[in-house]
Amino acid sequence: MSAPSIETIVSLAKRRGFVYPSSEIYGGLGSAWDYGPLGVELANNVRQAWWRWMVYERDDIEGLDSSIILNRLVWKYSGHEETFSDPLVDCRECNSRFRADKLDPEYGRTEEMAGGTMTFLEFHGDVIDCPNCGKRNWTTPRPFNLMFQTHVGAAAEIDAALGEYEPSSLVYLRPETAQGIFINFNNVLNTSRRKLPFGVAQIGKSFRNEVTPGNFIFRTREFEQMEMEYFVRPGEDEQAHQEWIDACHQWFINIGISPDNLRLYEQPKEELAHYAKRTVDIQYRYFPEREDEERNWDELMGIANRTDFDLRTHSKKPEDAEGKRLNPDSTEDLSYFDEQTKQRFYPYVIEPAAGVNRTVLALLMDAYSEKTNDKGETRVILKLHYSMAPIKVAVLPLAKNKPEIVGMAKAIKRSLQPLVRAVYDDTGGIGKLYARQDEIGTPFCVTVDHQSLEDEAVTVRDRDTWEQERVKVSDLSAYIRERLSPLAV
Ligand code: ATP
């Protein structure tokens, strides 16, 4: 079983401290969310598992942490200033604003035609009703750039005479982490002495001024990406791309997501970004409640073959037919010299790009299950993979007014602390405490009872089976270590 809808997770997440609506005491800020005590642990587990898998367990990947605010020229040459936009239309009657391509699927579609590609730029406003007021009185679609603008330094001050910002102070918050990797290609290559193929991984925040954010943490304006740029020789790109698609799909299964709720989506040619040769998305069944099966799915991660576009566009060398430099601003050439073949070329790039937030959402939805106890009460159990569980062990005293039991339980919690994230809880009866831990996905509850004082043993209760086992306190660390997979610790 998994969650019947995102809504089920929204209330659980708030009630138990995974995710709260942001700025709530001031009325909130549309589509901004804060990660609470359990959410931050879950997101950390996602980041750590990805980093361990991507960087530590392979021999060919380095890590990087580049700036969020980069030189504006990065976004000029990456193409974002010109093309990273959504087409907007306004309803003249009720002033509602929509994405033209969402209202009219034909709008902006590109199609291969004999003699080149063709983009459909006619918005069929005469046959499209406003979803808000039902009228048909549209403005002409216009591009809306998704990059957040800000201004840096003293020059950021508004010029009193002009009432405008000094243009040279304009910068953007990065809309993807990838460009920070491309502009550091030579730095990483030279300092790590890498040879092709090799990759550079980065985890960090990205920002997009999404026109229609929503669906909880699925689409927000501030989010976090886990991206890796894998540089290969041209000609070796297609095989590497397929290997990364398979590996990423398997990774989501390894962290506990059911393969039934995952699928691969091959982006049709007309949907591809201008630089991409092929892109495959890994989709998750985020919307199981929708009747139309096709609309159950949406993107969890994208794996693109970006060709040599990025390294070439940021290089000072390439020239057009008339011998004019395509990038007169760059001071470096980001080509690669192959010692073996004595050839110089621009590597191709395979990019697996996943969202931390969408992974957290998929994990929560996938782990959601309900079970009825012998009193006929329905309990929520979050069957998270052990490696993802925010808390691995809860130590619970059976009697909180008995100092010896409390003392023993606290000592056990402390002894487990160096090994795993453990908590002590005595704020309810044992049934309630078990239910609480089930609901947040804690794999093991350790109960200290009167008998424990005599036989130096405790009861370990399993989250999924509710079975209990008696374990000697002296064996507890080894027991927990064995039950949790190596990934979990
Ligand atoms: P979408 O089509 O859903 O807008 P995208 O194709 O633009 O996504 P990419 O540019 O491929 O997304 O970014 C890589 C990953 O970053 C996505 O697969 C997703 O997990 C995450 N991501 C992108 N935009 C957002 C957002 N607004 N909120 C949360 N996560 C996002």
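Residue indices begin at 1 and follow the sequence shown. Read the numbers this way: they start at 1 and go in the same order the structure lists the ligands and their atoms.
- Shown here are the salt bridge (Lys or Arg N to Asp or Glu O under 4.0 Å) partners of Glu294, two or more places apart in sequence or in another chain: Arg263.
- Between Tyr284 and Tyr286, the ring planes are perpendicular. Angles over 60° get that label, and only those under 30° would be called parallel.
- One option in Glu271, Gln267, Arg208, Met301 has a heavy atom closer to atom 5 (P) of ligand 1 than any other, and that option is Arg208.
- In this pair, Phe198 and Phe231 present their aromatic rings tilted. The plane angle is within the 30 to 60° band.
- In this structure, Trp53 and Trp251 have parallel ring planes: the angle between them is below the 30° cut-off, well short of the 60° mark.
- Between Leu300 and ligand 1 there is a heavy-atom distance shorter than 4.0 Å.
- Judged by the shortest distance from any of its heavy atoms, Glu210 lies inside the 4.0 Å radius around the atoms of ligand 1.
- Looking at Arg72 and Glu81, a side-chain N of the basic residue comes within less than 4.0 Å of a carboxylate O on the acidic one, giving a salt bridge.
- At a heavy-atom cutoff of 4.0 Å, ligand 1 is contacted by both the backbone and the side chain of Thr220.
- Those atoms of ligand 1 that come under 4.0 Å of a heavy atom in Ala353, given as number and element, are 14 (C), 15 (C), 18 (O).
- The heavy atom nearest to atom 25 (C) of ligand 1, out of those in Met226, Arg219, Arg358, Glu351, is found in Arg358.
- Heavy-atom proximity to Gly355, at under 4.0 Å, picks out these atoms of ligand 1: 20 (O), 21 (C).
- Under a 4.0 Å criterion applied to the non-hydrogen atoms of Gln225, ligand 1 contributes the atoms 13 (O), 14 (C), 15 (C), 16 (O).
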